[in-house]
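Numbered from 1 within each chain, the chains take letters A, B, ... in sequence-line order.
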Amino acid sequence: MNDIFEDLQWRGLIHQTTADELLPKWLSSGSRTVYAGFDPTADSLHVGSLLPLMMLRRFQKAGHRPIAIAGGATGMIGDPSGKSAERNLQTPEQLAANLAGIESQMRHVLDFDCGDESAVLVNNNDWMSQFSYVEFLRDVGKNFPVNVMLGKDSVKSRLSSEAGLSYTEFSYMLLQAYDFVHLNREHGCELQIGGSDQWGNVTAGIDLGRRMLGAQLYGMTCPLLTKTDGSKMGKTESGAIWLSAKRTSPYKFYQYWLNVADEDTGTCLRFLTELERSEIEALDESRVSAPEQRASQKKLAEELTRLIHGPSGLATALQATEIFFGAEIENLDDRQLTDIFADVPSCELPATELAGEGLGIMDALVKSGLMKSNGEARRSIKQGGIYINNRRVGEIDRRLTPADLTSETVVVLRSGKKKYALLRFSS
RNA sequence: GGGGGGUUACCGAAGCGGUCAAACGGGACAGACUGUAAAUCUGUUGGCUAUGCCUUCGCAGGUUCGAAUCCUGCACCCCCCA
């Protein structure tokens, strides 16, 4: 059992704890059960969940038992953290499908089958839905002094704002607090971890545990993973970065991390990877001495892609990266191309188009959707912005023939630096 | 209800009878440079079977050899007075 507390501390992952003095000893003196909450509103987690997920992984590796709790019930109500839109109720089928998707992703990070320290995924709707309103008020609500609740930052800030706070949102902390009590009773869970914005909810759970069970529970929060400009990690103009390969291809996932700004990379390495301190410090150094090599970003992207998408996902991402940034495309088969160009639009054409004179390049560009009109295609070619299989096209009367097929049936068209389209010639 | 102003390409904005596919700025796209960054520089930015042809300047008509530009009606927007 290594000293997890010290490791977390130098990584900067400890924002606040409920027992600064006791916690290190408590963690190193036995196997504990730890939980963190996740949002089951989609069938995949996104990059924002990576930090708590890695936290659980660190605890599991240090010999503790992780519990991931999906907020099937609390997710319907909404944390009163300035969200404007009402949450929608999900059907039980949707929720089940989402949980299944999330669990399959968690399996990459957590070990669900290793005896005493096996990870567990639970859904708080399973026990919340058992309560009647009166029962909940009697068993749980009775233990919440309103003056304490009013003292929480999340409530105070909302009360003084114009938006106000609905009774439902005000009650949110009771639900989350009860989760902790339930997990303690059913699973012996004694520590809750979460983002620093969860502090109020975490401590509410600890208070409730003491009142209802007389139990000594602990809480720990991590800093939020944000970029230096204050925006959230994991968001791009085109949407969130997901952990599911279906929603975000391994290539895009890899590229996201490869493109992290220098200033943010050190934090990401500490928060999201398991690299040794010495290695991370060497990378910090490299960002000063040889920033153009971006060794930190490469390592970060590599570690995370391997963890989430496995060695084969990483291999695909690396191969795709090589191709997307210049390498000529050759010696690949349809399967590999399909993997690599997973995000790229493609269009089917009959193989006969290639026969005889072949298919005019301008025609091909328009049909692929890469260019809106012949005129645009003509311009781009003249400007040197069009490539076939990553080889620049020189003349506008270039024609595609079977010799241009880079695999059994595919020709790869590219406009500019990164815009690709596949033409599939089926017989 | 009365008076005035506006509606131009992706956006903003010139043009006020021919030389207008329409200045200029932004954006976007491409190229060079570069660290797959930022900045910078260059080019392009209605369509086509392309030194020409076609369709565009709120909508519908009209005047004229010729209209984004003038006239009439309609729609929408803004301002001022009641």
What's A:E376 touching, base or sugar-phosphate or nothing? Going by heavy atoms closer than 4.0 Å. nothing
Taking the basic N atoms (NZ, or NE/NH1/NH2) and the acidic carboxylate oxygens, is any pair closer than 4.0 Å for A:E281 and A:R277? yes
CG/A:L22 to OG/A:S29 distance, rounded to the nearest 0.5 angstrom? 10.0 Å
Does B:U56 have a Watson-Crick or wobble partner in any strand here, with both distances under 3.5 angstrom, and which is it? none
What's A:S380 touching, base or sugar-phosphate or nothing? Going by heavy atoms closer than 4.0 Å. nothing
Between B:C53 and B:C20 - P atom distance, rounded Å: 16 Å
Under a 3.5 Å limit on both distances, the Watson-Crick or wobble mate of B:C76 is B:G6
Starting at the 5' end of RNA chain B and moving along, which residue's nearest nucleotide shows up first, A:K372 or A:R294? A:R294
Tell me the partner of B:G27, counting only Watson-Crick (N1-N3 plus N6-O4 or O6-N4) or G-U wobble (N1-O2 and O6-N3) with both under 3.5 Å; none if nothing fits. B:U45
Checking side chain to side chain contact (heavy atoms under 4.5 Å, CB included) for the pair A:W26/A:R32: CA distance, chi angles, key distance, verdict? CA-CA 9 Å; A:W26 180 75; A:R32 310 297 181 181; 3.2 Å; yes
Mind checking if A:S415 touches a base, just sugar-phosphate, or nothing, with heavy atoms under 4.0 Å? sugar-phosphate
Taking any heavy-atom pair under 4.0 Å as a contact, classify A:D262: base, sugar-phosphate, or nothing. base
Strand-adjacent residues in residues 385-392 of chain A, judged by heavy atoms under 4.0 Å from RNA chain B: A:G385, A:Y387, A:R392
Looking at every non-hydrogen atom in both residues, tell me the closest pair between A:D262 and A:P291 and how far apart they are. OD2-CB, 4.1 Å
Counted 5' to 3', the first and last nucleotides of RNA chain B within 4.0 Å (strictly under) of a heavy-atom of chain A are B:A30 to B:A50
Side chains of residues 108-116 of chain A: which donor-acceptor pairs under 3.5 Å do they make with residues two or more places apart or in other chains?
{"unit_1": "A:H108", "atom_1": "ND1", "unit_2": "A:I308", "atom_2": "O", "d": "3.4"}
{"unit_1": "A:D111", "atom_1": "OD1", "unit_2": "A:D113", "atom_2": "N", "d": "2.9"}

Return the minimal non-hydrogen interatomic distance between A:H15 and A:S196, and the atom names on each side. ND1-CB, 3.3 Å
I want to check something: taking the side chain as every heavy atom from C-beta on, are A:L349 and A:L359 in contact at a cut-off of under 4.5 Å? yes
Establish, yes or no, whether a centroid distance under 6.0 Å links the rings of A:F341 and A:F324. yes
Decide whether A:Q198 and A:N201 meet the rule of one side-chain donor and one side-chain acceptor closer than 3.5 Å. yes
Taking the nucleotide of RNA chain B with the nearest heavy atom to each, does A:T321 or A:V366 sit closer to the 5' end? A:T321
